[in-house]
Protein chains: 2
Amino acid sequence: MKCISESTEERIKEAAKNVFLEKGFDGTTTRDIAKAAGINSALMNYYFRSKEKLFQTIFDDMCGLMFEGMLELLNQPISLREKISKLMDHQFQMMMKNPNLTIFVMNELHRNPERLFATVGMAKQLTESKFDKEIENAIVQGTIPAIESHHILTMIIANIQFLFVSKPMTMLSRGLDEAGFKAFATRHMEYVKDMLCDYLFKPEHST
Amino acid sequence: MKCISESTEERIKEAAKNVFLEKGFDGTTTRDIAKAAGINSALMNYYFRSKEKLFQTIFDDMCGLMFEGMLELLNQPISLREKISKLMDHQFQMMMKNPNLTIFVMNELHRNPERLFATVGMAKQLTESKFDKEIENAIVQGTIPAIESHHILTMIIANIQFLFVSKPMTMLSRGLDEAGFKAFATRHMEYVKDMLCDYLFKPEHST
DNA sequence: TATAATTTTAATCAAGTGATTAAACATTTT
DNA sequence: AAAATGTTTAATCACTTGATTAAAATTATA
């Protein structure tokens, strides 16, 4: 075992992640992955049995990454307002680091919904968190309008993740480069945060 | 030529549309299309030269469908508030009829951005419409907060289309059937419309 | 009806696919 | 060092892929 490069298994996983994220399951060949990992193509089968099994490993990882940190945030003992703000910042940072995570997960799920094993539990946990109860309480107290937590979470996620789902179209149609897109997305985030907070914590509802 | 079934070319296009929308370019084989169209697989090449050319035809159609009617709405002589409301209703209806249109277009664009020929002009037109000037005017008059039209359009589109991009995940994680999803989406639309209108036409800005 | 043009078919091609094999190489254990 | 185990390789398999071909079937034209 060398200290410079990680284990072969990890190298394959890393390469597979990159290629799958870029080309999707159907667009990826096992030879693509082998080439990206710099290994003999038979090694992929040695470590992961099949392309499908390797993919499922990566897919589960990506689903995890998508909601990583979110659950902890939802259960933090901070105010609802701060929680939502932090939630959006966290999502945005995560998507900036993994711009094509959403399009990958959503597309593979569309192609083959049965693949969603590891995530279905994770997604359910989101609606069984402290956040969920805090929303209910806030509604009873009249702090926010009557709207289930799932709709609020959908608003948060949609307004952030769609930015990255439509990134190629935005860049092409508006002639932006990476820096231009980042500027656009960053500004958009401010608007979206304002919009959501205004909607939830509007004057007639607060205190 | 028969009156019952359309021309062979149209049958191929229709079949290709369905298969491509379901499986994407990489996941679709020419034999899939031939089978769906009930034709010999060589006919696809006779009419469209190649899988790539056929795909580009379908892809352009789908891009058009995505923004169909939107441009006309943007240029209608109605109030900004009504325009935005109608815009959202129109988008929602369109997505209900074509639930996997967005994931298809966005994914293929992600895979191969060069494919965006027909649409880039269309997307640009969106920001050169009457709507664009109306927004500018409304900002000057203080009717709405200072926010470029592209951000507003992004908000509208994101909040609607992401519902359908994430449809499989929503249905799976919340255990919804088609009817359940429709109910969820319809309700969500009401919230989103409220949120956006509240944000744009909030008290301190109106009249 | 005979001829030409168009449309459709079955058969086939070369290239690429996921996966397996048996042998080579490397490392650990005895 | 020798044997045993674990890792990597090149070669290859059976199959699918997009596309082409030449012939057949259909339709239009003269």
Side-chain angles (χ1 to χ4, degrees), chain A residues 1-62 104 107-108 111-112 114-115 117, chain B residues 1-62 104 107-108 111-112 114-115 117:
Chain A
M1 64 183 88
K2 301 165 190 173
C3 289
I4 301 160
S5 66
E6 337 84 299
S7 73
T8 306
E9 190 172 335
E10 276 309 310
R11 275 175 65 197
I12 296 176
K13 278 189 70 174
E14 178 66 19
K17 191 196 90 179
N18 293 330
V19 181
F20 277 141
L21 271 170
E22 192 62 37
K23 305 190 172 190
F25 180 81
D26 292 326
T28 298
T29 70
T30 54
R31 285 166 177 85
D32 284 339
I33 298 172
K35 196 176 177 184
I39 54 149
N40 184 285
S41 59
L43 266 186
M44 190 228 90
N45 291 85
Y46 177 76
Y47 281 100
F48 295 94
R49 296 287 301 167
S50 70
K51 179 191 176 189
E52 179 68 43
K53 288 234 171 61
L54 171 56
F55 177 81
Q56 187 69 49
T57 304
I58 304 297
F59 184 72
D60 289 349
D61 282 0
M62 292 304 101
F104 168 75
N107 189 56
E108 298 300 341
R111 285 285 288 122
N112 204 339
E114 308 89 65
R115 274 168 179 158
F117 260 137
Chain B
M1 62 185 87
K2 302 166 190 174
C3 289
I4 302 161
S5 66
E6 336 86 298
S7 71
T8 306
E9 191 172 333
E10 275 310 310
R11 277 175 64 197
I12 297 176
K13 277 188 71 175
E14 178 66 18
K17 190 196 89 177
N18 293 332
V19 182
F20 277 141
L21 270 170
E22 192 61 39
K23 304 188 173 192
F25 181 81
D26 292 326
T28 299
T29 69
T30 55
R31 285 165 177 85
D32 284 339
I33 298 171
K35 196 176 178 184
I39 54 150
N40 184 285
S41 59
L43 266 184
M44 190 228 93
N45 290 88
Y46 178 75
Y47 281 100
F48 296 94
R49 297 286 303 167
S50 71
K51 179 191 176 188
E52 179 67 44
K53 288 232 171 62
L54 171 57
F55 177 82
Q56 187 69 51
T57 304
I58 304 297
F59 184 72
D60 289 348
D61 283 0
M62 292 305 101
F104 169 74
N107 190 57
E108 297 300 341
R111 283 287 287 122
N112 205 340
E114 307 90 64
R115 274 167 180 160
F117 260 138

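In what follows, chains carry the letters A, B, and so on, assigned in the order in which the sequence lines appear, proteins first and then strands, with residues in each chain numbered from 1. Only heavy atoms go into these numbers, but all of them, side chains included; no hydrogens, no water, no symmetry mates.
- Contacts of B:Tyr47 with the nucleic acid, taken as non-hydrogen atoms under 4.0 Å apart, involve only primed sugar atoms and P, OP1 or OP2.
- Atoms CD and CD, on A:Glu108 and A:Gln56 in that order, are 10.5 Å from each other to the nearest 0.5 Å.
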If you look only at distance, which donor and acceptor atoms sit under 3.5 Å apart when one is on a side chain in residues 30-40 of chain B and the other is two or more places apart or in another chain?
from	atom 1	to	atom 2	distance (Å)
B:Asp32	OD1	B:Thr29	OG1	3.4
B:Asp32	OD2	B:Thr29	N	3.1
B:Asp32	OD2	B:Thr29	OG1	3.3
B:Asn40	OD1	B:Ala42	N	2.9

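- With values rounded to the nearest 0.5 angstrom, A:Met44 atom CE is found 12.0 Å from A:Glu9 atom CD.
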Using the 3.5 Å cut-off, write out each protein N or O paired with an N or O of nucleotides 14-18 of chain D and the distance between them.
from	atom 1	to	atom 2	distance (Å)
D:dG18	OP1	B:Thr28	O	3.2
D:dG18	OP1	B:Lys51	NZ	3.0
D:dG18	OP2	B:Thr30	N	2.8
D:dG18	OP2	B:Thr30	OG1	3.1
D:dG18	N7	B:Arg31	NH1	2.8
D:dG18	O6	B:Arg31	NH2	3.0

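- When all heavy atoms are compared, the tightest approach of A:Asn107 to B:Asn107 is ND2-ND2, 3.0 Å.
- Residues passing the salt bridge (charged side-chain N to carboxylate O under 4.0 Å, His left out) test with A:Lys13, sequence neighbours excluded: A:Asp61.
- Considering CD1 of A:Ile12 and OG1 of A:Thr57, their distance stands at 11.0 Å, rounded to 0.5 Å.
- Look at CG on B:Leu43: it is 14 Å from P on D:dT26, rounded to the nearest Å.
- Atom P of nucleotide D:dT9 and atom OH of A:Tyr46 are separated by 12 Å, given to the nearest angstrom.
- Sorted by first and then second residue, the ring-ring contact (aromatic ring centres under 6.0 Å, His included) pairs involving residues 36-56 of chain A (not counting sequence neighbours) are A:Phe20-A:Phe55, A:Phe25-A:Phe55, A:Phe55-A:Phe59, A:Phe55-A:Phe104.
- When side chains are defined from C-beta on, A:Met62 counts as touching A:Lys17, because their heavy atoms get closer than 4.5 Å.
- Atom CZ of B:Phe48 is separated from atom C1' of D:dA19 by 16 Å (rounded to the nearest Å).
- Every side chain to side chain donor-acceptor pair (under 3.5 Å) that A:Asp26 has, sequence neighbours left out, goes to A:Arg111.
- To the nearest angstrom, C1' of C:dT17 lies 13 Å from CD1 of A:Ile33.
- Looking at residues 34-41 of chain A, you'll see that no heavy atom sits under 4.0 Å from any atom of DNA chain C.
- Every salt bridge (charged side-chain N to carboxylate O under 4.0 Å, His left out) that B:Glu52 has, sequence neighbours left out, goes to B:Arg115.
- Of the candidate nucleotides D:dT8, D:dA19, C:dA19, C:dA19 has the atom nearest to the side chain of A:Met44.
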Protein and nucleotides 21-23 of chain C: nitrogen or oxygen contacts under 3.5 angstrom:
none

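- Evaluation of the side chain to side chain donor-acceptor pair (under 3.5 Å) rule for B:Asn18 yields no partner, not counting sequence neighbours.
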